[in-house]
Amino acid sequence: EYVPIALILLLLMEWSGEVPPWTLHFLGLTLLVGRLLHGVGLNQTDGISRGRFIGTLLTWSMLLIGSGLALGMSIGRLI
């Protein structure tokens with residue numbers, strides 16, 4: 001449920017033209033690895049697993065860092 005929001009965030013950051021390509025690639029790779037680990041963790045067990053935890057952590061980290069960058073760019077334009 002977080003992937004569509006994350007992809008829209010990446011798209012808007014790319015359209016702005018202010019984010020270096022390596023940053024977008026890093027955020028996209030973080031999201032991809034996080035979702036893959038989460039899926040592997042779900043296949044291993046129904047309960048808590050290391051893969052699910054790390055996958056969720058990476059997904060949320062990507063959203064937090066990306067949102068912070070986008071917010072910082074927006075505030076920078078206003079100042």
Side-chain angles (χ1 to χ4, degrees):
E1 62 267 2
Y2 296 106
V3 173
I5 294 169
L7 293 176
I8 290 170
L9 176 63
L10 286 172
L11 179 67
L12 292 174
M13 290 172 65
E14 182 179 0
W15 280 349
S16 76
E18 295 183 16
V19 180
W22 68 266
T23 304
L24 293 171
H25 290 205
F26 174 76
L27 291 173
L29 185 62
T30 302
L31 178 64
L32 177 67
V33 170
R35 297 294 43 187
L36 289 174
L37 285 174
H38 190 266
V40 168
L42 279 174
N43 284 334
Q44 290 178 348
T45 180
D46 289 337
I48 298 173
S49 69
R50 182 175 292 172
R52 284 183 70 193
F53 176 76
I54 295 173
T56 302
L57 183 66
L58 287 174
T59 301
W60 281 58
S61 297
M62 179 272 168
L63 284 168
L64 183 65
I65 293 168
S67 298
L69 285 172
L71 188 59
M73 289 185 321
S74 298
I75 291 173
R77 284 185 176 182
L78 292 174
I79 294 179

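All values below were derived from every heavy atom in this structure, side-chain atoms included, with hydrogens, water molecules and symmetry-related copies excluded.
- The heavy-atom pair separating L57 from S61 by the smallest distance is O-OG, 2.7 Å.
- W15 and I8 fall within a single hydrophobic cluster, where Ile, Leu, Val, Met, Phe, Trp and Tyr side chains are chained together by heavy-atom contacts under 4.5 Å.
- Among residues two or more places apart in sequence or in another chain, the ring-ring contact (aromatic ring centres under 6.0 Å, His included) test is passed with Y2 by W60.
- Under the rule for a salt bridge (Lys or Arg N to Asp or Glu O under 4.0 Å), the partners of E18 that lie at least two apart in sequence or sit in another chain are R77.
- Looking only at side-chain heavy atoms (C-beta outward), L58 and L31 stay at 4.5 Å or farther from each other.
- Hydrophobic clustering places M62 together with V19 (ILVMFWY residues linked when any side-chain heavy atoms are closer than 4.5 Å, directly or through intermediates).
- Listed here is the closest heavy atom pair of M13 and A70: CG-CB, 4.3 Å.
- Separation of atoms OG1 (T59) and CD (E1) is listed at 9.5 Å; rounding is to 0.5 Å.
- Looking at heavy atoms from C-beta onward, L27 lies in side-chain contact with L69 at the 4.5 angstrom threshold.
- Hydrophobic clustering of Ile, Leu, Val, Met, Phe, Trp and Tyr side chains at less than 4.5 Å, counting indirect connections, keeps L7 apart from L11.
- Sorted pairs that involve residues 26-47 and meet ring-ring contact (aromatic ring centres under 6.0 Å, His included), not counting sequence neighbours, are lacking altogether.
- At a threshold of 4.5 Å between side-chain heavy atoms, the hydrophobic network of Ile, Leu, Val, Met, Phe, Trp and Tyr places L24 and M73 in one connected group.
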